[in-house]
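Please read the structure below before turning to the comments.
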Amino acid sequence: MRVLVVGSGAREHAIAATLVRSHATIVAAGPRANLGIDPIAEATLRAEPTATAPIVAFAKAQRVDYAVIGPEAPLAAGLGDALRAADVPVVGPSRAGAQIETSKQFCRELLAKYKIEASPRFLALRSVDEVDVRVAEIRAPFVVKPVGLTSGKGVWVQGVDFQQPSEGAAYAKTLLASGGDGVLLEEKVEGEEFSLMAFVTDSGVYPMPLVHDYKRVLEGDAGGNTGGMGSFSQRDHLLPFVSASMRDRALDIVRKCVEALRQEGIPYRGVLYGGFMLTAHGPVLMEFNARFGDPEGVNVLALYEEGDFDRLMYGVATGRVDPNLMSFRLRATVAKYVVAPGYPAAPKAGAEVRMDLPSVETDGVRVFFADVTSPQPGKFVLGASRAFALLGEASAIHEASTRVEASLQFVTGDCYVRHDIAMKPDLTARLERMRGLIVPGAKPSPLPLSVAAADAPPSSAATADQVLST
Ligand code: GLY
């Protein structure tokens with residue numbers, strides 16, 4: 001089939017490459033050239049992904065069978081609605097469905113209305129005048145979240161981004177004074193984060209392997225928030241600190257939210273990504289995204305090699321998915337982004353690196369391109385956003401991470417990478433932190449004794465697949 005892929009990041013490179021592997025023909029629309037997408041696309045349109053009219057005209061002129069929208073901004077701008085109005089089926093919700101991501105208040109209020117018990121205590125603020133009284137009301141420690149889109153960079157957490165409640169209040173006031181859609185104050189919850197992405201369409205909710213995302217810029221999860229510096233997935237499609245029963249509880253929350261949207265008259269066809277915190281009491285929803293995660297999408301799509309991704313995506317776009325198409329290989333994956341020095345606060349756009357691509361792409365490692373150009377072979381110029389991701393796979397998480405590190409020897413120059421991602425000390429620290437939160441005898445179910453135990457070959461490969469395809 002002919003498919004329009006919208007967006008120019010590493011996530012869209014992974015989507016396009018996975019479609020091409022299943023013999024789809026790609027046409028691409030995005031704001032900039034992409035070193036991975038353009039060579040495999042039959043036609044390209046340079047356009048902001050929110051430029052609805054030119055993208056719809058391009059889709060019609062290219063006679064595409066369906067479209068896949070990668071980023072959130074075009075979903076918020078109504079590109080899904082415009083393409084559907086022009087009879088182009090879409091993987092991506094309507095503007096109304098995308099509110100699950102574009103308005104954190106809509107999301108929290110939906111959960112509250114349908115009594116889906118997955119939210120921390122929260123308060124919605126609309127004006128600067130109510131900040132002080134509301135901050136006094138919310139139990140500290142707390143989190144300040146802009147209601148609208150911030151590319152993952154607007155959330156401030158007490159104890160990390162600010163210390164005193166007065167500092168959180170000052171941040172909330174700054175956000176409210178600068179316009180936007182308001183602010184949420186949420187009680188801070190402790191635990192480890194995990195991403196559960198699922199294909200959602202009329203015929204059901206089809207979960208993908210779990211992924212853990214690294215949002216903070218510096219090693220040890222220090223520094224400011226980013227779009228995501230890297231991510232990993234485990235061979236059995238769980239995570240070292242997330243058991244099958246906890247994954248199933250999170251999936252139940254996702255299913256209930258999809259049903260709640262339906263009851264609100266908002267059918268959903270696309271990817272729904274639940275960002276969860278696994279706490280001592282089970283999974284708490286931190287936010288929904290209305291799309292594949294970036295880089296999480298790179299992890300899971302690398303595992304989708306044996307099925308027919310084109311048919312799967314067409315099924316999502318048209319309302320009926322064949323569950324047999326939900327087949328992800330049982331391998332661990334690790335993604336690490338290469339970014340310009342100073343990213344995200346003051347990125348040195350124009351920084352240059354040398355990369356010997358054939359040497360990097362050996363031994364289970366692949367490169368997914370984002371904000372980077374290549375003026376001559378081997379030379380790469382980094383943009384202000386994340387430049388490119390290295391994705392390694394192996395039978396264990398830390399082996400996949402070690403493979404990425406080995407490949408990074410062939411990337412030299414002016415750049416920054418979080419090297420600690422998914423290395424053994426990092427994985428062990430996460431598991432230990434999670435074990436420390438769990439009161440003996442309390443739910444959730446026991447965690448493995450070590451990362452090695454979690455990362456060991458699954459006792460029954462079929463079990464993980466069966467669970468994931470139900
Ligand atoms: N990696 C986080 C996101 O895609 O929103």
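Just so we're clear, the structure is a prediction, and the values are computed from it rather than from any experiment. Whatever order the structure lists ligands and atoms in, that order sets their numbers, starting from 1.
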Compute the shortest N/O to N/O distance between Gly227 and ligand 1 and return yes if it is under 3.5 Å, no if not. yes

Measure from atom 5 (O) of ligand 1 to every heavy atom in Glu296, Arg386, Arg291, Met197 and give the option owning the shortest one. Arg291

Does a side chain donor of either Glu393 or Thr333 reach within less than 3.5 Å of an acceptor in the other side chain? no

State, without any angle test, whether Glu399 and Ser395 hold a side-chain donor-acceptor pair at a distance under 3.5 Å. yes

In short, Phe292 meets Val271 closest at the heavy-atom pair N-CG1, 3.6 Å

Under 4.0 Å between a Lys/Arg side-chain N and an Asp/Glu carboxylate O for Arg291 and Glu72? yes

Any side-chain donor paired with an acceptor under 3.5 Å for Asp202 and Tyr268? no

Going by the atom numbers of ligand 1, which of them fall below 4.0 Å from some non-hydrogen atom of Tyr273? 2 (C), 3 (C)

Ligand-residue contact atoms, ligand 1 with Gly293, heavy atoms, under 4.0 Å: 4 (O)

Asn289 heavy atoms, cut-off 4.0 Å: which ligand 1 atoms fall inside? 5 (O)

I want to know if ligand 1 touches Asp294 in the polar sense, i.e. an N/O pair below 3.5 angstrom. yes

Between Asp310 and Arg21 (salt bridge meaning N to carboxylate O under 4.0 Å), is one present in this structure? no

For Asp213, the atoms of ligand 1 under 4.0 Å from one of its heavy atoms are 1 (N), 2 (C)

